[in-house]
Structure formats: C-alpha cells, structure tokens
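Step one of this worksheet: look at the structure below.
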Amino acid sequence: MDQPSLPRSIRSFDDVRALDAAAGRRKTPCGDGAMVWHVWGGDGPPVVLLHGGSGSWTHWVRNITALVDAGRRVWIPDLPGFGDSARPPAGGDADALPPWVAQGLDELLGDTPCDLVGFSFGAMVGTFVAEQRPERVRRLVLVGAPALSTQRTRPPGLRSWGGLPPGPELDAIHRHNLRVLMLHDEASLDRLALDVHASNLARDRMKRRRLSQTDVLLRTLPHVRCPVAGIWGAHDVLYRGRMEILEPALARAPRFESLTLIAGAGHWVQFEAAEAFDAALAEVLARPLDAAPAPATGSGA
C-alpha cells in the first residue's frame, strides 16, 4: 500500500498529526516493553534521526518531508524513556540507550548501515552507538550536541513547572523555558513550538540526566571511526560566548568533515531554521565518504 502524502509544511499540531498518520510504525524490544519507531519514505538509503532530551520524534517534524523528497527512508524512534517508548530496564541517561537503539537498527535495517543524525541528548546517544557499533553507522551528524567541554552547559533561568495543571500559567513557563534554552528568535516561539514541547515534556520519564554536564563526547569522539559532521544554530545557548570551541572539539574525531553554523537560530536549529538546516544536512549527506574535510561554514549573524 502506498504511504499517504506528507504535509508540505508543518505549521500546527494538526499537521504533526497528519505527519504521524502518514508514518509506518515499528516496535523493537526495550527491556520488558518496546521501543517505538516511525518511518517515512520508500526504499532509499536509511537516515536515522535521534531526538533531544525531554523530546520525541516530533523534534524533527519540520525536516522529514525534505528528507523523503530527497529519496531517503527516514527512521525516527522515540528513544527509551521518552514519547511512546518504554523506559530502559537499567540506567537513566544517554549511556543506557545505545544497546536498545543498536538492537532496533539490527532488526529494522539488517546489515545496512545508516546515516545517523543526533540532536542534543540524541547526539550523545548517536555518538555512543557509532563508537560501540561502528558497522551500524555510515556517517554521524551531530546537532547542538552537549558534553564537548567540562564547562556547565545548562543555561540559568529555567523555571520549574512540575505539578501545574494545563492552562495559561503552565503555558507561560513553557514559553519562557523554550526562549531560554531552545529558540533564539522570539518569532519562532509559536503555538506549534509550545504544543510540541508541552506534549513531549508530559511523556519524559528520564528526568535525572547528568551526562550533558560532562565532557563525555569530547572523550568519545576520538574513538568514532565513521565521518563526523556538525550542524549548529549560531546562537545555541549551550555555547554562548564560546562557539569557537566547537570545531576543535569535533575535530577530535579522526574523520571530522565539517561544522556548519546556521545564522539566526538557537539550540533547536532544525525547527527554528528548518529550510537552512535541511539544506545543510542535504549537503552533508550527499558528500562522498572519502571526501576531503571541509572548513567550517556559516556565520553567527
């Protein structure tokens, strides 16, 4: 049966529901439960997108159609402990998830390696998978990854919302936190961003994460054998005032290719500047595996 056509733009949560309805759904084991995967596209080369902390597949809603249009088969899981997936049976941080992600890839893709794109928390998970199961990952693309420095990355000023019922007070706190952490431009903080964020927070069962405040990726990247590229919002608050550390940190990967900075975007760059992000990702994914490393591109304007 043909897959339903995908929405051409994602402007409301109704569009998110339409995108969800157009997806195939697969389940792979996760402890006593299941890890839920969404899939779009035909039989093209697989690209796997891993969402950020307190997220789900919906962190990528504005990027799926472009990848399918480019002929890719797009797989996005709800990582264990998030969205519709079961918690991992042990552990509560990114280092507990790679075995379940890799097992899912084994079942779903067989021997075919994938391009793996990880956002924030998902960038840590993806890096661990690439290190531990190098045959699974063709290329690793890191987006807004934490844990590249010993300096604290969590921005100050986030407000607590636990226990508040749905309503204007809760919405105001979510808007504040999105503006502090995720988005650079006030105009990006629309109803869709708020609805995606609130829906994901309500299903986060991995709330005591700490690895993002370490330099674990800095220490892991030298052991990653596949090509590695980075795409960042030029105003990512995790690296405010120190964006210059990113390229040397990523270059610890033996096959580092490039770092692209997307002007006018913050941490959730693939949502806030979807068109520019999609173009940057398409360029990275089209690059021959043996291509010479490219210089950093983009600007902080």
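These values consider heavy atoms only, across backbone and side chains, with no hydrogens, waters or symmetry-generated copies.
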Counting C-beta onward and ignoring hydrogens, is there a side-chain heavy-atom pair between L238 and L181 closer than 4.5 Å? yes
Rounded to the nearest 0.5 angstrom, the SG-CZ distance for C226 and R255 is 7.5 Å
What pairs of residues pass the salt bridge (charged side-chain N to carboxylate O under 4.0 Å, His left out) test when at least one of them lies in residues 273-285, not counting sequence neighbours? E283-R287
Looking only at atom types and distance, does a side-chain atom of H38 sit under 3.5 Å from a main-chain N or O of V74, one as donor and one as acceptor? no
Any ring-ring contact (aromatic ring centres under 6.0 Å, His included) pairs touching residues 177-196, not counting sequence neighbours? H184-H235
Is there a side-chain contact (heavy atoms from CB on, under 4.5 Å) between F256 and E247? Walk through the geometry before answering. CA-CA 9 Å; F256 169 65; E247 187 169 3; 3.9 Å; yes
Should we say atom CZ of R225 is surrounded by more than 12 heavy atoms from elsewhere, each under 6.0 Å from it? no
Taking all atoms of both residues into account, what is the closest heavy-atom pair of A234 and A263, and its distance? CB-CA, 4.1 Å
Take L67 and L281, measure what side-chain contact (heavy atoms from CB on, under 4.5 Å) needs, and give me the verdict at the end. CA-CA 9 Å; L67 286 164; L281 181 60; 4.1 Å; yes
Tell me which pairs pass salt bridge (charged side-chain N to carboxylate O under 4.0 Å, His left out) where either residue lies in residues 35-63, with sequence neighbours left out. R62-D190
Do the side chains of L109 and C114 get nearer than 4.5 Å, heavy atoms only? yes
D78/M35 under side-chain contact (heavy atoms from CB on, under 4.5 Å): CA gap, chis, key distance, verdict: CA-CA 7 Å; D78 286 349; M35 184 172 170; over 6 Å; no
Can you find a heavy atom in the side chain of R73 that is under 4.5 Å from one in the side chain of V47? no
Would you give the length of the straight line joining atom OG of S149 to atom CD of Q213, rounded to the nearest 0.5 angstrom? 10.0 Å
Establish whether V36 and L49 are linked, either directly or via other cluster members, by ILVMFWY side-chain heavy-atom contacts under 4.5 Å. no
Checking F121 now: which residues fulfil ring pair (Phe, Tyr, Trp, His ring centres under 6.0 Å) with it, not counting sequence neighbours? F82
Note: R191-D195 ion pair, threshold 4.0 Å (strictly below): yes
Can you give me the closest heavy-atom contact between S56 and N200, atom names plus distance? OG-OD1, 2.6 Å
Side-chain heavy atoms under 4.5 angstrom apart, residues restricted to Ile, Leu, Val, Met, Phe, Trp, Tyr: same cluster for L261 and V143? yes
So, S54 and D204: side-chain donor and acceptor under 3.5 Å apart, yes or no? yes
Taking 4.0 angstrom as the limit, do D14 and R17 come out as a salt bridge? yes
Checking W57 against W40 for the ring pair (Phe, Tyr, Trp, His ring centres under 6.0 Å) test, could you report, in this order, the C-alpha distance in whole Å, the side-chain angles of both residues, the deciding distance, and whether it holds? CA-CA 12 Å; W57 72 272; W40 298 262; 5.5 Å; yes
Between the CG atom in L217 and the CG atom in L142, the distance rounded to the nearest 0.5 Å is 7.0 Å
Could you list all the salt bridge (charged side-chain N to carboxylate O under 4.0 Å, His left out) pairs where at least one residue sits in residues 109-120, not counting sequence neighbours? R72-D115, D115-R138
Restricting to non-hydrogen atoms, name the atom on E272 and the atom on S188 that form the minimum distance, rounded to 0.1 Å. OE2-OG, 2.9 Å
Shortest non-hydrogen contact from A249 toward L218: CB-CD1, 3.6 Å
Taking the six-membered ring for Trp, are F119 and H59 closer than 6.0 Å centroid to centroid? yes
Listed partners of R8 passing salt bridge (Lys or Arg N to Asp or Glu O under 4.0 Å), at least two apart: D69
Does the side chain of I76 come within less than 4.5 Å of H51's, by heavy atoms? no
Are T58 and V16 close enough that some pair of their side-chain heavy atoms sits under 4.5 Å apart? yes
Give the intermediate values and the outcome of side-chain contact (heavy atoms from CB on, under 4.5 Å) for residues R139 and L116. CA-CA 6 Å; R139 173 179 273 115; L116 188 56; over 6 Å; no
Quick note, ring-ring contact (aromatic ring centres under 6.0 Å, His included) partners involving residues 195-215, not counting sequence neighbours, are H174-H197
Kindly give the heavy-atom pair with the smallest separation between A123 and G118, and that separation in Å. CB-O, 3.3 Å
Rounded to the nearest 0.5 Å, what's the gap from CG on L19 to CG on L6? Could you check? 6.0 Å
Tabulate below the donor-acceptor pairs under 3.5 Å that side-chain atoms of residues 89-101 make, not counting sequence neighbours, or state none.
{"residue": "D93", "atom": "OD2", "partner": "R210", "partner atom": "N", "Å": "2.6"}
{"residue": "D93", "atom": "OD2", "partner": "L211", "partner atom": "N", "Å": "2.9"}

Hydrophobic clusters join Ile, Leu, Val, Met, Phe, Trp and Tyr when side-chain heavy atoms are under 4.5 Å apart, directly or via other members; which others share one with I173? W161, L164, L170, L201
Rounded to the nearest 0.5 Å, the CD1 atom of I64 sits from the CD atom of Q270 at a distance of 10.5 Å
Side chain to side chain, L192 and R11, heavy atoms closer than 4.5 Å: no
So which heavy atom on V284 is nearest to which on S258, and how close? CG2-OG, 4.3 Å
For the residue pair W37 and W75, does the interplanar ring angle fall in the parallel (under 30°), tilted (30 to 60°) or perpendicular (over 60°) class? perpendicular
Student check: side-chain heavy atoms of T150 and T214 closer than 4.5 Å: no
Between T220 and E131: side-chain donor-acceptor atoms closer than 3.5 Å: no
Only counting residues at least two apart or in another chain, list the ones meeting salt bridge (Lys or Arg N to Asp or Glu O under 4.0 Å) with R133. D106, E135
Validation row: L140, P227 side chains within 4.5 angstrom (heavy atoms): no
Kindly compute the distance separating CG (L259) from CG (L250), expressed to the nearest 0.5 Å. 6.0 Å
With sequence neighbours excluded, tell me which residues meet side-chain contact (heavy atoms from CB on, under 4.5 Å) with A280. I231, T260, I262
Answer yes when E107 and R26 have at least one side-chain N-carboxylate O distance shorter than 4.0 Å, and no when they do not. no
Worked verdict on R219 versus D215 for salt bridge (charged side-chain N to carboxylate O under 4.0 Å, His left out): CA-CA 6 Å; R219 292 182 277 111; D215 64 348; 2.7 Å; yes
Ring pair (Phe, Tyr, Trp, His ring centres under 6.0 Å) against F271, all qualifying residues, sequence neighbours excluded: W268
